[in-house]
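The sequence lines fix the lettering, A, B, ..., with proteins before strands; numbering per chain opens at 1.
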Amino acid sequence: DQQVKQNSPSLSVQEGRISILNCDYTNSMFDYFLWYKKYPAEGPTFLISISSIKDKNEDGRFTVFLNKSAKHLSLHIVPSQPGDSAVYFCAASAASTLGRLYFGRGTQLTVWP
Amino acid sequence: DSGVTQTPKHLITATGQRVTLRCSPRSGDLSVYWYQQSLDQGLQFLIQYYNGEERAKGNILERFSAQQFPDLHSELNLSSLELGDSALYFCASSVDGASGQETQYFGPGTRLLVL
């Protein structure tokens, strides 16, 4: 049962433009959400997180938006750079499941010059 | 560099064999998590340890076991290996892992190939 879904397996964006990666979840108990970036042959690298008490969190070029009523979150990258090309994973956790993270299947972002 | 180390980086073995994957958490982190990433399943939680004690269990097969030692490093033991066990195995760590609102930091992974 996939409780976190990333419905777009790939996204292609031109350098300098905005990249928007989307994520949906089904479990209303989730209260903490994270985005990870993964390059080939490396482990996932933490990017940014958001608690369910907020609807937006910003860190440099990365902004995460949370819409609890729609059970949807998105990651905005502005401006996109070629080095951002990687697989992006959305993850969620709930206090009731302690530290367990539920992951989406990832979106391959390609930023072209 | 996340500060989480995993060995070995690659492992090739045969069906029916047993292997041990090792993980050292970031300095100061008490919780260790194991995840499996296979081609068709994405990242799946296997098990969590906190300060030497098992805290949560996910989709971990009975052929798999783990432990966390007093120095906080952890080992994941995979036995009676099958072709389908071929995957990337990631270890992650966090400070506590009790609140559900912590960031987990991942190691580089161990790529296991069962022939």
Is chain B contacted by the side chain of [X], its backbone, both, or neither, given a heavy-atom distance below 4.5 Å?
| X | result |
| --- | --- |
| A:F30 | neither |
| A:A94 | backbone |
| A:L34 | side chain |
| A:F33 | neither |
| A:A41 | backbone |

Of the backbone (N, CA, C, O) and the side chain (C-beta and beyond), which part of [X] lies under 4.5 Å from a heavy atom of chain A, both, or neither?
| X | answer |
| --- | --- |
| B:R111 | neither |
| B:Q37 | side chain |
| B:T103 | both |

Just checking, is any N or O donor in the side chain of A:S74 or A:N22 under 3.5 Å from an acceptor N or O on the other one?
-> no

Hey, are A:T107 and A:S8 close enough side-chain-wise for a donor-acceptor pair under 3.5 Å?
->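 There is no such pair between these side chains.
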
Would a line drawn from the ring center of A:H76 to the ring center of A:F65 be shorter than 6.0 Å?
-> yes

Are B:R26 and B:Y105 in a cation-pi contact, defined as NZ or CZ under 6.0 Å from the six-membered ring centre and within 45° of the axis?
-> yes

Selection from B:Q48, B:Q104, B:E102 maximising heavy-atom pairs under 4.5 Å formed with chain A |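 The option with the most such pairs is B:Q104.
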
Across all chains, not counting sequence neighbours, the salt bridge (charged side-chain N to carboxylate O under 4.0 Å, His left out) partners of A:E15 are none

Taking the inter-plane angle between the rings of B:F69 and B:H73 on a 0 to 90° scale, is it parallel (under 30°), tilted (30 to 60°) or perpendicular (over 60°)?
-> parallel

Name the option with the most non-hydrogen atom pairs under 4.5 Å to chain B; the candidates are A:S52, A:P44, A:S51.
->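 Counting heavy-atom pairs under 4.5 Å, the top option is A:P44.
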
So among B:Y89, B:W34, B:Y35, which one has a ring pair (Phe, Tyr, Trp, His ring centres under 6.0 Å) with B:F106?
->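 Answer after filtering B:Y89, B:W34, B:Y35: B:Y35.
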
